[in-house]
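Accompanying notes for the structure given below.
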Amino acid sequence: MEVDDGSEARVEMKGKQSVVMLVGAPGSGKSTFCDAVIGASRRTWVRICQDTIGNGKAGTKAQCIKSALSALNEGKSVFIDRCNLDREQRAEFLKLGSAQIDVHAVVLDLPTQLCISRSVKRTGHEGNLQGGKAAAVVNRMLQKKESPKLIEGFSRITFCHNDAEVQAAMGTYSGLGPSDSLLPGCFGQKSQDAKVQVGIMKFLKKAEGPSPVVSKVNSDQSVASIGSSEKKGASLEREEMPVLPNAPQKEESKGKDNAVQAIDKDVPTLAFPSISTADFQFNLEKASDIIVETVEEFLPKLGNARLVLVDLTYESKILSLVRAKAAKKSIDSSKFFTFVGNIIELSTKRALHCNVIANAANWRLRPGGGGVNAAIFKAAGADLEMATNDRAKSLVPGSAVVVPLPSTCPLYNREGITHVIHVLGPNMNPQRPNCLNNDYNKGCMVLRQAYTSLFEGFLSILKIQETSVTKRHEELLHHSGRGPDKSVGNGDLKNKRDDVDASDSSKKSRGSGNEVEIDSTRPRTGNSDSGIQTTDRGMTKAWGSWAQAFYHIAMHPERQKDDVLEILEDVVVLNDLYPKAPSMRQLHLHVVSQDFNSVHLKNKKHWNSFNTAFFRDSVDVIEEVNKNGKAMMKDDKSLLSMELRCHRCRSAHPNIPRLKSHIRNCQVPFPAFLLQSGRLVRALDSN
DNA sequence: GTTCTAGAAC
DNA sequence: GTTCTAGAAC
């Protein structure tokens with residue numbers, strides 16, 4: 001399996017071709033997707049659209065196949081731009097695949113309402129699906145849809161549920177050079193309740209099979225065990241993205257596109273324009289390198305926060321360069337992606353919620369001029385001018401200044417933007433003051449400084465927010481009646497964040513339950529899209545960042561090639577990240593040996609997690625699932641602090657070193673319960 | 001989950 | 001004084 005590491009690793013043979021089948025309802029953006037990739041790609045693509053294939057009019061599936069074949073024969077790659085919603089429709093096109101030709105699916109699974117509203121609104125669409133009929137047609141089609149599966153013959157399937165994911169996928173395909181190929185596998189699929197159980201049971205059946213996996217390290221006997229990391233009421237459900245109580249439909253009635261799920265509103269996001277490439281005429285190739293490199297450097301520091309490079313049109317050269325370079329570096333596209341839209345109306349017009357935006361400012365920090373600077377100052381009104389003036393009077397190239405927006409500011413009210421970061425890049429335009437005269441040595445350095453200052457500014461906002469949220473949490477816990485401290489310096493920022501929290505809460509609480517308090521006080525960083533889980537008792541639970549490792553692997557197994565042994569549709573097989581099996585988020589099944597003589601087993605909690613009732617054997621869990629449909633964890637922390645007893649002879653020992661020296665020599669047979677029901681599986685021919 | 005460390009236990 | 005544990009921080 002090759003991995004895109006930015007080197008030549010992904011090159012296979014000369015001229016690897018792809019057939020990419022778009023899967024989605026009318027209005028889901030299939031044609032836009034194809035056009036964006038074709039416009040930016042270094043590979044030759046042909047879009048085959050059934051709506052136009054008959055001399056500009058609708059044609060047949062057979063005509064599409066014929067055109068696809070001839071394009072493939074010419075060495076081109078092909079987009080199949082038709083709905084392809086059910087398996088039967090897709091089957092014919094899958095036959096186009098071969099050893100040299102991968103067939104991929106890109107599933108544009110956007111909200112039905114959005115597809116309908118786009119279909120209804122569109123004029124002159126090739127498929128002639130306009131007006132009121134569209135809603136009925138889209139609805140009917142979506143009722144019949146079957147999600148594509150690898151088993152149909154796709155080598156890669158990418159699911160997109162919102163605009164951001166669509167643009168990330170565009171970036172991935174735009175970045176493909178003529179001889180590149182993408183990793184196989186299924187990406188971005190959301191779990192569906194019913195199917196999940198099936199998937200897990202399939203996996204458990206494998207473990208029950210005749211030749212269970214045998215632990216490779218110093219084991220004399222092995223047992224397959226199941227470990228769910230749920231502490232309370234664990235049921236065998238795969239993790240899925242938490243769903244917030246208010247689905248996007250509410251706002252759709254206002255006629256806004258709601259492509260991005262409500263969940264995105266909780267993710268701190270910086271939207272920034274390309275600095276210096278417009279008015280200051282900075283070289284695009286160099287600028288895109290600097291953007292991607294600086295982003296790559298900052299992403300690990302940003303926790304769950306996102307960076308989004310924004311430009312006005314799909315034809316934007318800088319966006320496509322950055323998309324391609326970011327894809328080549330395998331930058332996490334959920335953390336950094338490019339986005340088409342106007343930076344001052346991303347939330348209301350494009351459903352991308354950004355709490356911070358960057359302004360490509362001028363050195364005097366004055367409104368006017370053109371482009372982004374003029375637009376932002378105009379949209380923010382006098383509030384931004386005053387707030388900026390409080391912070392700084394001018395900027396040197398390569399620096400940035402963070403300006404909190406007062407709550408009266410229209411950008412704050414309408415778009416939910418809490419801060420603007422002004423940033424000044426190098427000027428390469430001889431028509432403008434302080435031109436660098438084509439000195440790109442200096443120019444690149446200054447541009448890099450500019451992005452660094454910008455991202456550091458964003459980081460400082462995140463830290464202030466974190467402190468404020470934690471503080472609020474503490475206040476709630478202690479039922480403190482006093483107001484927030486009015487400290488000098490960033491005191492106004494702190495208050496502002498509190499305002500934001502309050503407004504978030506009131507939005508969420510409309511018509512929904514009373515989980516708002518927990519939601520609005522939870523830490524905002526470090527738990528990302530994944531760290532909060534609602535248990536079946538309606539409580540929310542935060543996972544520590546360490547416990548998320550499996551989640552990240554499960555979501556993106558292709559990025560962990562050193563640890564991952566096998567990627568199946570429902571299951572990832574990997575070497576333990578920690579030599580001693582950890583309690584992690586994500587249902588996982590361990591292979592554990594019975595010697596317990598490991599240097600990594602260091603304390604009481606370690607020992608007792610394997611040698612008390614806290615430990616659930618896979619045999620028992622499977623039986624419980626078969627009987628009750630789910631399995632429960634032992635909800636008893638005291639099990640982990642019990643006295644230390646030998647797992648063979650049950651003798652008690654005062655501390656870990658004494659216990660360990662005992663178990664090295666204890667030869668008493670294993671207790672009876674372990675010997676029953678196939679709990680112990682013998683490894684090879686040793687005893 | 002691991003690492004670090006103060007303080008308990010020896 | 002050294003060993004070990006338990007809790008906090010990561």
Side-chain angles (χ1 to χ4, degrees), chain A residues 215 217 225-232 234 239 268 298-305 459 462-463 465-471 473-474 477-478 521-528 530-533 541-557 559-560 562-565 572-593 596-612 614-616 633-646 651-664:
Chain A
S215 173
V217 281
S225 67
I226 194 153
S228 166
S229 46
E230 276 276 10
K231 298 284 183 266
K232 290 186 173 202
E239 305 294 344
F298 266 84
L299 276 190
K301 305 177 191 170
L302 291 176
N304 68 329
L459 207 57
L462 296 178
K463 288 196 172 137
Q465 290 175 356
E466 195 175 359
T467 318
S468 149
V469 169
T470 313
K471 191 174 162 63
H473 198 174
E474 281 164 7
L477 285 176
H478 294 109
T521 54
R522 68 179 163 76
R524 301 254 165 162
T525 55
N527 47 43
S528 84
S530 47
I532 301 291
Q533 188 177 34
K541 166 194 174 77
W543 293 95
S545 59
W546 57 266
Q548 308 264 34
F550 281 176
Y551 175 82
H552 298 304
I553 292 171
M555 298 312 278
H556 297 287
R559 290 185 197 146
Q560 324 274 340
D562 292 340
D563 302 307
V564 171
L565 302 173
V572 176
V573 183
L574 68 156
N575 288 319
D576 250 335
L577 260 68
Y578 299 102
K580 203 204 69 58
S583 272
M584 309 286 263
R585 175 181 180 184
Q586 215 73 4
L587 179 68
H588 53 283
L589 181 82
H590 287 285
V591 177
V592 181
S593 66
F596 295 114
N597 185 15
S598 162
V599 289
H600 300 285
L601 205 157
K602 290 173 180 164
N603 59 40
K604 192 176 249 186
K605 193 166 128 191
H606 292 161
W607 179 264
N608 284 334
S609 64
F610 293 105
N611 288 294
T612 64
F614 183 84
F615 184 84
R616 300 295 322 267
M633 286 278 287
K634 295 288 175 193
D635 185 18
D636 190 357
K637 286 260 166 60
S638 65
L639 288 167
L640 295 176
S641 50
M642 278 170 66
E643 60 187 351
L644 297 166
R645 283 187 178 274
C646 171
S651 61
H653 299 268
N655 55 44
I656 288 286
R658 298 271 284 276
L659 173 71
K660 285 218 179 173
S661 74
H662 167 81
I663 60 165
R664 270 196 286 275

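Naming convention: chains lettered A, B, ... in sequence-line order (proteins, then strands); numbering from 1 in each chain.
Here B/dT2 presents its P atom at 8 Å from CG of A/Asn603, a figure rounded to the nearest Å. Following rounding to the nearest Å, A/Asn655 (CG) and B/dA8 (C1') show an atom-to-atom distance of 13 Å. Atom CD1 in A/Ile656 sits about 17 Å away from atom P in B/dA9, given to the nearest Å. For the pair A/His653 NE2 and C/dT5 P, the interatomic distance rounds to 13 Å; values are reported in whole Å. Here the P atom of nucleotide C/dC10 and the NZ atom of A/Lys301 are 18 Å apart, to the nearest Å. In this structure, CG of A/Leu601 is placed 15 Å from P of C/dC4, rounded to the nearest angstrom. Between A/Lys660 atom NZ and C/dC4 atom C1' there is a gap of 13 Å when expressed in whole angstrom units. The distance between atom NZ of A/Lys605 and atom P of B/dT2, rounded to the nearest whole Å, is 9 Å.
Listed candidates were B/dG1, B/dT2, C/dT5. Nearest to the side chain of A/His606 is B/dT2. Set against B/dG1, B/dT3, C/dC4, the side chain of A/Lys602 has B/dT3 as its closest nucleotide.
No side-chain donor-acceptor contact under 3.5 Å links A/Trp607 to the backbone of A/Cys646.
Taking 4.5 Å as the limit, every side-chain heavy atom of A/Phe614 sits out of range of all side-chain heavy atoms of A/Asn608.
Not one side-chain nitrogen or oxygen of A/Lys604 sits closer than 4.0 Å to the OP1 or OP2 atom of C/dC4.
The distance from the CG atom of A/Asn611 to the CG atom of A/Leu644 is 9.5 Å, given to the nearest 0.5 Å.
When the shell of 6.0 Å around NZ of A/Lys301 is examined, it contains more than 12 heavy atoms from other residues, nucleotides or ligands.
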